[in-house]
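Just so we're clear, the structure is a prediction, and the values are computed from it rather than from any experiment. Just so you know, these numbers use all the heavy atoms, side chains as well, and skip hydrogens, waters and symmetry mates.
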Amino acid sequence: QVQLVESGGGAVQPGGSLRLSCTASGFRLDDYSVAWFRQAPGKEREGVSCLSSSNGLTDHADSVKDRFTLYTDRSKNMVYLQMNSLKPEDTAVYYCAARGPGRLYCRADAPSEHEYDYWGQGTQVTVSS
């Protein structure tokens, strides 16, 4: 069964850190571009970070650049989003997604979420004092 399962969300004060995890089952993340999206209340879902399967490079939205890092653990078939210096505007439900298989290029803002094949159920991140 193909599945993505996120974990690691929670509540944190501004300036704090969280690490989100996403575990893939039923397929190998190596063969897919993987991305993190988020959706804040009343807003559209937006791309945060992605890892291209075509060139192994990551890209981050300007709003999280230098604060968030996406990386994978191939041995565990997992992808992570390390989030530092969190701000209240980072509050959202965070989703991991995978697109493939194949050598596919992505940016944080492209392709659209509709191009992604597999999605996790989401994990809530709340940044508040």
Side-chain angles (χ1 to χ4, degrees):
Q1 181 183 0
V2 173
Q3 198 173 16
L4 290 171
V5 178
E6 301 101 333
S7 61
V12 64
Q13 293 186 340
S17 297
L18 282 174
R19 188 182 75 164
L20 306 183
S21 302
C22 176
T23 304
S25 58
F27 69 104
R28 291 295 308 171
L29 282 174
D30 292 358
D31 301 327
Y32 287 71
S33 287
V34 293
W36 286 93
F37 289 78
R38 67 184 181 186
Q39 187 166 22
K43 294 188 177 181
E44 293 186 351
R45 189 152 54 184
E46 63 173 351
V48 175
S49 302
C50 77
L51 169 65
S52 294
S53 55
S54 61
N55 57 17
L57 297 180
T58 57
D59 185 57
H60 303 276
D62 288 343
S63 59
V64 306
K65 206 162 286 185
D66 299 327
R67 298 190 297 122
F68 289 13
T69 303
L70 185 157
Y71 62 99
T72 61
D73 185 331
R74 298 180 185 280
S75 67
K76 296 181 179 179
N77 210 29
M78 294 181 68
V79 59
Y80 302 92
L81 186 67
Q82 177 66 45
M83 306 185 295
N84 299 327
S85 303
L86 283 162
K87 305 176 181 180
E89 51 264 42
D90 295 319
T91 295
V93 178
Y94 284 71
Y95 301 87
C96 66
R99 176 173 172 249
R103 296 290 187 183
L104 302 172
Y105 174 75
C106 66
R107 299 196 315 265
D109 61 351
S112 75
E113 59 180 287
H114 306 292
E115 299 292 328
Y116 282 82
D117 301 294
Y118 305 126
W119 289 85
Q121 82 288 353
T123 185
Q124 176 71 47
V125 171
T126 302
V127 185
S128 173
S129 55

S.K.: Any idea which heavy atoms bring Val34 and Leu70 closest together, and the distance?
M.R.: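 Closest approach of Val34 to Leu70: O-CD1, 4.2 Å.
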S.K.: So, the side chain of Asn77 versus the backbone of Phe27: is there a donor-acceptor pair under 3.5 Å, distance only?
M.R.: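 Answer holds: yes.
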S.K.: Which atoms form the tightest heavy-atom contact between Val79 and Leu29, and what is the distance?
M.R.: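 Looking at all heavy atoms of both residues, the shortest contact is N-CD1, 4.0 Å.
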S.K.: Just wondering, more than 12 heavy atoms not from Arg28 lying within 6.0 Å of its CZ?
M.R.: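 Yes.
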S.K.: Within this structure, what is the CD-SG distance for the pair Gln121 and Cys22, rounded to the nearest 0.5 Å?
M.R.: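 One finds 8.5 Å between CD of Gln121 and SG of Cys22.
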S.K.: Could you list the donor-acceptor pairs under 3.5 angstrom formed between side-chain atoms of residues 12-19 and any protein atom two or more places apart in sequence or on another chain?
M.R.:
| from | atom 1 | to | atom 2 | distance (Å) |
| --- | --- | --- | --- | --- |
| Ser17 | OG | Asn84 | OD1 | 3.0 |
| Arg19 | NH1 | Tyr71 | OH | 3.1 |

S.K.: Give the C-alpha distance, both sets of side-chain angles, the deciding distance and a yes or no for salt bridge (charged side-chain N to carboxylate O under 4.0 Å, His left out) between Lys65 and Asp62.
M.R.: CA-CA 5 Å; Lys65 206 162 286 185; Asp62 288 343; 3.2 Å; yes
S.K.: Between atom CG of Leu104 and atom CG of Asp31, what is the distance when rounded to the nearest 0.5 Å?
M.R.: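 One finds 10.5 Å between CG of Leu104 and CG of Asp31.
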S.K.: Indicate the atoms forming the closest heavy-atom contact of His60 with Ser49, along with that distance.
M.R.: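 The pair with the smallest heavy-atom distance is ND1-OG, 2.6 Å.
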S.K.: Leu20 and Thr123: which non-hydrogen atoms are nearest, and at how many Å?
M.R.: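 Taking every non-hydrogen atom into account, CD2-CG2, 4.0 Å.
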S.K.: Say whether, by atom type as modelled, one donor and one acceptor occur between the side chain of Asp117 and the main chain of Gly100 under 3.5 angstrom.
M.R.: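 Checked: pair present.
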S.K.: Any side-chain heavy atom of Ser53 within less than 4.5 Å of one from Tyr32?
M.R.: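 Counting from C-beta outward, Ser53 and Tyr32 never come under 4.5 Å.
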S.K.: Under 4.5 Å between any side-chain heavy atoms of Pro111 and Cys106, yes or no?
M.R.: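 Yes; the side chains approach each other to less than 4.5 Å.
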S.K.: Would you mind reporting whether Trp36 and Leu51 have side-chain heavy atoms less than 4.5 Å apart?
M.R.: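 No, too far: nothing below the 4.5 Å cut-off.
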S.K.: So, using ring pair (Phe, Tyr, Trp, His ring centres under 6.0 Å) as the criterion, who are the partners of Tyr116 when residues are at least two apart?
M.R.: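 For Tyr116 the ring pair (Phe, Tyr, Trp, His ring centres under 6.0 Å) partners, ignoring immediate neighbours, are Phe37.
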S.K.: So do the side chains of Leu4 and Trp119 get within less than 4.5 Å of each other, counting heavy atoms only?
M.R.: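 No, their side chains stay 4.5 Å or more apart.
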S.K.: With a 4.0 Å cut-off, would you call Asp59 and Arg107 a salt bridge?
M.R.: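 So Asp59 does not pair with Arg107 through a salt bridge.
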S.K.: So among Glu44, Glu6, Glu46, which one has a salt bridge (charged side-chain N to carboxylate O under 4.0 Å, His left out) with Arg38?
M.R.: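 Exactly one candidate clears the test, Glu46.
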S.K.: Kindly give the heavy-atom pair with the smallest separation between Tyr94 and Ala92, and that separation in Å.
M.R.: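 Tyr94 and Ala92 have their closest heavy atoms at CD1-O, 3.4 Å.
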S.K.: Can you confirm whether Thr23 sits close enough to Lys76 that some side-chain heavy atom of one is under 4.5 Å from a side-chain heavy atom of the other?
M.R.: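 Side chain of Thr23 against side chain of Lys76, heavy atoms only: no contact under 4.5 Å found.
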S.K.: Should Leu81 and Phe68 count as side-chain neighbours, where that means a heavy-atom distance under 4.5 Å?
M.R.: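 Yes; the side chains approach each other to less than 4.5 Å.
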S.K.: Over all heavy atoms of both residues, which pair between Arg99 and Tyr105 is shortest? Give the atoms and the distance, please.
M.R.: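 For Arg99 versus Tyr105, the nearest heavy atoms are NH1-O, 3.5 Å.
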S.K.: Do Val64 and Leu86 sit in the same hydrophobic cluster, where Ile, Leu, Val, Met, Phe, Trp and Tyr count as joined when their side-chain heavy atoms come under 4.5 Å apart?
M.R.: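 Yes, because Val64 and Leu86 connect within a single hydrophobic cluster, where side-chain heavy atoms sit under 4.5 Å apart.
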S.K.: For Glu113, give me all partners under side chain to side chain donor-acceptor pair (under 3.5 Å), at least two apart in sequence or on another chain.
M.R.: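 Scan of Glu113 (side chain to side chain donor-acceptor pair (under 3.5 Å), adjacent residues dropped) gives Arg45.
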S.K.: Taking a hydrophobic cluster as the set of Ile, Leu, Val, Met, Phe, Trp and Tyr residues connected by side-chain heavy atoms closer than 4.5 Å, whether directly or through intermediates, do Val48 and Tyr118 fall within one such cluster?
M.R.: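 Same cluster.
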